[in-house]
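A short write-up of the structure that comes next.
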Amino acid sequence: MDYESGEIEAKWKQYWVENEVYKTSNDTSKPKYYVLDMFPYPSGAGLHVGHPLGYIASDIFARYKRLQGYNVLHPMGYDAFGLPAEQYAIQTGVHPAVSTSENIRFYRKQLDNLGFSFDWSRSVNTSDPSYYKWTQHIFLKIFGHYYNNETNKATPIETLVATFEQEGNANVQATSSQETTFSAEEWSGYSPKEQDDILMNYRLAYRKVGFVNWCEELGTVLANDEVKDGVSERGGYPVVKKPMRQWALRITAYAERLLDGLEQVDFSEALKTQQRNWIGRSEGAQLFFDVPNSTHKIEVFTTRPDTIFGATFMVLAPEHDLVAEITTEAQKEAITAYQAYANSRSERDRMADVKTITGAFTGAYAVNPFTGKEVPVWIADYVLISYGTGAIMAVPSGDERDARFAEHFDLDIVQVVDQSAHEGAAIGDKVGVMVNSGFLDGLPVVEAITKAIEEINTKKIGEGKINYRLRDANFSRQRYWGEPFPIKYDADGVSHAETNLPLELPTLDNFKPTKEGKAPLARAEDWVKEGGMTREIDTMPGFAGSSWYFLRYMDPTNDAEPFSAEAVNYWQEVDLYVGGAEHAVGHLMYSRFWHKFMFDLGMVPTREPYKKLVNQGMLQGVIEFLYMLKEKQDGKSVFVSADKLSEYEGQEFAQIPVHIDFMTDYGKPESYLNEDGRAQFKAWRPDYNNAVFVTNAAGQVITKSEVGKISKRYFNVVNPDDVVSQYGTDCFRMYEMFLGPLEDSKPWDTKGITGVSKFLRKFWNLFHNEGEWIVTDEKATPEELKTLHTAIKKVNQDVANFSFNTCIAHFMVATNELKKANCSKREILEVLIVLMAPFAPFITEELWSKLGNEGSVHVNGTYPAHEEAYLVQSTITYPVCIKGKKRATITVGADATKETIEKEALAVEEVQKWIDGKPIRKVIVVPKRMVNIVI
RNA sequence: GCCCGGAUGGUGGAACUGGUAGACACGCAGGACUUAAAAUCCUGUUCCCGUUGAGGGAGUGCGGGUUCGAUUCCCGCUCCGGGUACCA
């Protein structure tokens with residue numbers, strides 16, 4: 001019979017479901033292996049060909065591990081809380097729960113079309129109350145703990161309260177934002193609200209005032225991403241920063257452990273570096289500058305305390321608390337104006353823009369504690385309120401940005417580091433010796449730093465300190481479609497944990513914030529009022545549910561706890577995690593943090609959640625553009641075929657994206673719109689209803705093809721279902737892997753798929769000739785065994801390295817070689833089937849059963865290991881190079897020594913001709929590679 | 001701006017620890033089969049000069065460097081992608 005992918009795939013898909021082939025047990029003697037995908041957000045657009053890239057890779061690996069005898073956990077679920085569903089609800093009135101579950105059904109249908117070996121009985125959905133019950137549960141645990149710096153772990157808040165009651169907080173070693181000390185007596189004297197506020201300074205989940213991007217016009221909070229040049233991306237309305245009391249997670253308590261943990265995980269160095277930079281550990285000093293006429297001091301952190309003699313001014317973030325207090329009457333107007341300006345710029349813009357130097361003088365002065373001189377205090381938006389203390393001591397001679405600021409505003413610059421001995425050293429490099437710096441003069445920079453810190457400690461004007469760029473995670477969203485906080489406040493404002501979980505989202509019909517700017521949940525008035533208490537109306541961010549979902553897969557239906565100790569002790573951690581690099585710092589950092597917290601509580605046995613991480617690259621698409629004359633002719637738009645542009649020299653063209661469905665030969669360079677396509681285009685874009693097309697001689701309008709994002713806005717989304725229905729799942733899977741290295745971004749282009757399609761037919765035809773089954777039990781020849789074992793060796797290596805594209809190339813080579821040798825021998829082919837089973841699960845299943853084997857190859861097959869004996873070479877051919885240029889080749893026995901090879905090479909007539917009597921300086925023999933003669 | 005990547009034929013890509021650059025495919029060209037087309041199969045295909053099946057030169061984004069030898073290591077750029085803390 002001929003290869004009919006559709007029939008075969010339907011048959012085996014049904015077999016898998018009926019026999020629960022991929023159902024995973026928590027109880028087995030086999031060693032475990034956990035292969036996890038980053039679960040998708042089920043968006044309304046459905047899956048496009050880019051989504052399955054990582055899923056196919058992980059599925060191949062999961063199947064490979066199963067064939068190696070592991071009990072493999074390979075689940076899939078949905079990250080179902082998120083902004084798009086909420087925005088869709090605002091636009092259309094469809095409840096997010098409804099659109100989300102519809103999207104999930106659609107995703108599931110698409111995923112089911114791709115031959116994955118997911119155990120769907122373990123699926124999770126973060127927006128399902130039976131799941132977010134446990135997200136809330138874990139949140140309450142975080143809320144109920146503080147970070148003890150002596151034991152270096154999360155500790156119940158009750159322990160802290162007991163200490164406060166006994167001896168106050170003076171000796172408490174904790175990561176906290178508490179600034180004052182109190183005695184046991186004082187503690188007892190505080191009101192419940194005051195006690196609650198103090199505890200907030202210690203809790204790992206706590207409330208504090210933070211700044212959000214507020215758009216009055218849209219009545220909502222925006223992500224930095226949604227703010228462009230100070231206005232909202234949607235609508236272009238002004239955006240300001242607005243202080244709001246919000247929940248935060250004290251991830252900074254775990255900064256050091258998050259850093260240390262990177263040592264023990266198998267992530268790419270690039271990703272580890274990104275995480276390290278995100279945490280941004282820096283050693284330096286905390287310093288306080290006196291401000292005459294103020295009771296407050298300005299706290300700064302500097303990595304360069306050695307340069308303090310060069311600190312000639314100070315800069316506060318425009319939002320800094322002290323600004324209002326210290327600004328002089330004369331400067332009030334300027335400061336207020338500048339604050340308004342800074343307020344309108346997003347943090348992103350402020351960081352990106354180093355060319356525009358802006359700032360305002362407060363009129364106040366601070367005292368440099370080392371020089372004793374008064375230095376002016378400015379505000380400027382290059383200092384960020386959310387980083388460090390929101391204030392800096394500016395050393396224009398030691399920092400690029402300070403220097404530009406000083407020059408621009410004509411402030412004093414005092415040289416403190418002499419870098420004249422270090423040519424090419426940049427301002428800020430830690431080289432040179434100190435000058436104009438009192439007791440530090442003459443010291444090299446590095447020593448001066450140590451000495452300056454000593455002095456700071458002695459003078460009690462600060463202390464040596466480690467600072468992190470990492471900030472506590474903002475955990476509040478003024479949104480509807482997220483987990484409600486299981487927190488309520490009594491009449492005094494004291495926070496209380498909800499005891500009855502899950503606390504479900506109330507039903508709303510309007511998902512916008514209220515007119516007063518309160519989060520949407522405020523609209524559910526009955527829900528908010530609870531037995532004399534008021535509920536929290538913020539919801540949790542998207543990363544809440546995704547921070548622990550991999551643990552729920554281990555025990556997905558448990559309704560007594562998030563997951564049982566038994567399950568987590570068996571599965572331990574994720575062995576392989578596959579997902580996009582865009583999550584390098586967000587999700588990966590937060591889930592590592594949650595995991596470490598749960599480790600402290602003894603909930604999980606491992607310190608890190610993910611043992612190995614592989615990042616798949618982005619799939620790009622081909623965008624088709626029509627050339628349109630910028631100037632209309634007779635009031636009509638004119639579209640010109642790309643091969644007719646020369647006739648319009650000197651005229652300007654606009655590029656208009658075309659829906660790829662209208663194209664003929666989509667993706668090919670000469671793709672074009674035929675008459676039918678042009679009619680479709682006009683119907684699709686009524687604004688070009690009366691357009692004129694300038695066609696070429698063949699009556700075509702050739703388009704310009706460009707590589708870019710796969711996106712709705714370029715009308716180039718290719719649905720995997722379409723590809724599958726034309727070529728089959730096996731072919732689609734193999735082609736996605738064949739496109740290039742998993743980790744690189746690369747363009748999707750359907751046209752190359754025919755190569756893989758042909759290969760699958762060739763593979764099928766190793767077993768069939770004109771539809772007849774031709775497999776024999778003949779013994780394989782040494783050449784055939786060599787082909788097979790070379791393939792086994794390479795495939796094993798490549799799968800282990802996730803080099804699936806080269807792996808598929810080897811399948812093609814092996815198949816071509818066997819075809820040429822007319823080899824249809826069971827001994828060879830049966831092994832090849834198992835090798836290929838993870839890649840092409842259906843065709844291999846069919847052939848495996850046709851060979852007379854019982855059951856599924858994916859359960860009963862065993863991944864082969866190669867035998868070295870078949871790969872031994874008897875001779876090796878070496879290129880002989882003279883001064884690096886290849887001039888001849890020699891063939892010698894595989895066991896030849898270096899000396900023999902050298903002698904053989906020199907004996908070749910051709911070589912002697914090139915040497916031409918010149919003295920030989922040396923001969924380099926690289927075993928198994930080449931011989932190079934240097935003359 | 002800052003942090004992390006990437007760049008190899010007409011196209012996607014291959015190349016082990018620095019050792020014959022272009023595996024495997026797509027596309028293209030020529031041929032076979034066919035009344036024809038499609039499909040399939042065979043041959044060729046980095047570029048330039050040259051050609052009898054010779055031979056020669058250049059070449060891995062750009063400019064330098066180290067080395068007998070660099071796609072690979074180092075320095076300086078250009079362009080593209082990802083992240084930049086409320087997109088997921």
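Here the structure is a predicted model, which is why all the values come from computation and not from measurement. Residue numbers start from 1 in every chain, and the chains themselves are labelled A, B, ... in the order their sequence lines are given, proteins ahead of strands.
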Q) Phe738(A) has a side chain; which of U20(B), C68(B), G12(B) sits nearest to it? A) G12(B)
Q.
Would the distance check show the side chain of Asn467(A) and the main-chain N or O of Ser282(A) forming a donor-acceptor pair, the cut-off being under 3.5 Å?
A. no
Q. Is it true that Glu347(A) and Arg471(A) have a side-chain N and a carboxylate O under 4.0 angstrom from each other?
A. yes
Q.
Base contacts versus sugar-phosphate-only contacts with protein, heavy atoms under 4.0 Å: please encode nucleotides 48-54 of chain B as B, S and - from 5' to 3'.
A. -------
Q: Just call it for Ala270(A): base, sugar-phosphate, or nothing, with non-hydrogen atoms closer than 4.0 Å on any strand.
A: sugar-phosphate
Q | Any strand: nucleotide that pairs with U40(B) via Watson-Crick or wobble, under 3.5 Å | A | A32(B)
Q.
Could you tell me how far G53(B) sits from G18(B) if I compare only their P atoms? Round to whole Å.
A. 41 Å
Q. C3(B) C1' sits how many Å from Leu259(A) CG, rounded?
A. 15 Å
**Q.** Under-4.0 Å salt bridge between Glu536(A) and Arg207(A)
**A.** yes
Q. Charged N to carboxylate O under 4.0 angstrom, Asp749(A) versus Lys751(A)?
A. yes
Q. How many Å lie between CE on Met734(A) and P on G12(B), as a whole number?
A. 22 Å
Q: Look at the side chain of Pro747(A) and decide which nucleotide, out of G13(B), C3(B), C24(B), has an atom nearest to it.
A: G13(B)
Q. How long is the line joining CH2 of Trp764(A) and P of A39(B), in whole Å?
A. 22 Å
Q.
Salt bridge check, Glu910(A) against Lys913(A): does any charged N sit closer than 4.0 Å to a carboxylate O?
A. yes
Q: Take atom C1' in U67(B) and the same atom in C74(B), then report the distance between them in whole Å.
A: 12 Å
Q | Side-chain ion pair, Glu319(A) and Lys242(A), N-O less than 4.0 Å | A | no
Q.
Over all strands shown, is Asn816(A) touching base, sugar-phosphate only, or nothing at heavy-atom distances under 4.0 angstrom?
A. sugar-phosphate
Q. What is the per-nucleotide protein-contact pattern of nucleotides 55-62 of chain B, from the 5' end, where B denotes a base atom under 4.0 Å from a protein heavy atom, S denotes such proximity for sugar-phosphate atoms only, and - denotes neither?
A. --------
Q: Identify whether the distance between the nearest side-chain nitrogen and carboxylate oxygen of Arg345(A) and Asp353(A) falls below 4.0 Å.
A: yes
Q) Atom CG of Leu613(A) to atom P of C4(B): distance rounded to whole Å? A) 18 Å
Q: For A23(B) and G10(B), measure between their P atoms and round to the nearest Å.
A: 14 Å
Q. When the C1' atoms of G13(B) and C62(B) are considered, how many whole Å apart are they?
A. 23 Å
Q.
For a quick check, with a 4.0 angstrom heavy-atom cut-off, what is the B/S/- contact string for nucleotides 79-88 of chain B, read 5' to 3'?
A. ---BSBBBSB
Q. Over how many whole Å does the gap from Ile933(A) atom CD1 to G19(B) atom C1' extend?
A. 14 Å
Q | Whole angstrom value for the distance that separates C1' of C2(B) from CD of Gln275(A) | A | 17 Å
Q.
Just confirming the chi classification of G5(B), syn or anti, using 90° around 0 as the syn window.
A. anti
Q.
Going by purine N1 to pyrimidine N3 plus the second Watson-Crick contact, or the G-U wobble pair, all under 3.5 Å, which nucleotide sits opposite U78(B)?
A. A7(B)
Q. Which residues within residues 752-763 of chain A lie with some heavy atom under 4.0 Å of an atom in RNA chain B?
A. Gly752(A), Thr754(A), Gly755(A), Lys758(A), Arg761(A), Lys762(A)
**Q.** Protein-nucleotide distance (Lys746(A), atom NZ; G12(B), atom P), rounded to Å
**A.** 13 Å
(Q) For the NZ atom on Lys241(A), are there more than 12 heavy atoms of other groups (residues, nucleotides or ligands in this structure) within a distance under 6.0 Å? (A) yes
Q.
Need the pair for C2(B). Rule: Watson-Crick or G-U wobble, both distances under 3.5 Å, any strand; none if unpaired.
A. G83(B)
Q. Taking the C1' atom of each, how far is G61(B) from U72(B), in whole Å?
A. 16 Å
Q) Applying a 3.5 Å limit to both distances, which nucleotide forms a Watson-Crick or G-U wobble pair with C68(B)? A) G19(B)
Q. Where the side chain of Thr806(A) is defined as all heavy atoms beyond and including C-beta, which of C4(B), A14(B), G19(B) is the nearest nucleotide?
A. A14(B)
(Q) In whole Å, I'd like the distance from the CZ atom of Phe804(A) to the C1' atom of G12(B). (A) 18 Å
Q.
Suppose you measure atom P in A58(B) against the same atom in A21(B); what distance do you get, rounded to whole Å?
A. 13 Å
(Q) By the 4.0 Å heavy-atom rule, please label Leu739(A) as base, sugar-phosphate, or nothing. (A) sugar-phosphate
Q) Does the ring center of Phe811(A) lie less than 6.0 Å from the ring center of Phe839(A)? A) yes
Q: Provide the closest heavy-atom pair for Ile876(A) versus Lys928(A) in the form atom of the first, atom of the second, distance.
A: CD1-CG, 4.0 Å
Q: Kindly say if Asn805(A) contacts the phosphate of A14(B), meaning a side-chain N or O under 4.0 Å from OP1 or OP2.
A: yes
Q | Earlier contact from the 5' end, RNA chain B, for Thr889(A) and Asn932(A) | A | Thr889(A)
Q | Ile753(A) backbone acceptor or donor facing Ser757(A) side chain under 3.5 Å | A | no
Q.
Just to verify, what does Ser476(A) make a side-chain hydrogen bond (donor to acceptor under 3.5 Å, both in side chains) with, not counting sequence neighbours?
A. Asp538(A)
Q) Is it true that Tyr3(A) and Trp764(A) have ring centroids separated by less than 6.0 Å? A) yes
Q | Residues in side-chain contact (heavy atoms from CB on, under 4.5 Å) contact with Glu868(A), at least two apart in sequence or another chain | A | Lys793(A), His866(A), Leu871(A)
(Q) Both distances below 3.5 Å, Watson-Crick or wobble geometry, any strand: find the nucleotide opposite A58(B). (A) U46(B)
**Q.** Spacing of the C1' atoms in U71(B) and G22(B) (rounded, Å)
**A.** 11 Å
Q. Should Glu269(A) and Arg276(A) count as an ion pair when the cut-off is N to O under 4.0 Å?
A. yes
Q: Identify whether any heavy atom of Met930(A) sits under 4.0 Å from a base atom; if not, whether one sits that close to sugar-phosphate; answer base, sugar-phosphate or nothing.
A: base
Q. So, do Phe39(A) and Phe550(A) have ring centers that fall under 6.0 Å from each other?
A. no
Q) Rounding to the closest angstrom, what is the interatomic distance between A7(B) and G12(B) at atom P? A) 12 Å
Q) How about Trp748(A) and Tyr735(A): are their ring centroids closer than 6.0 Å? A) yes
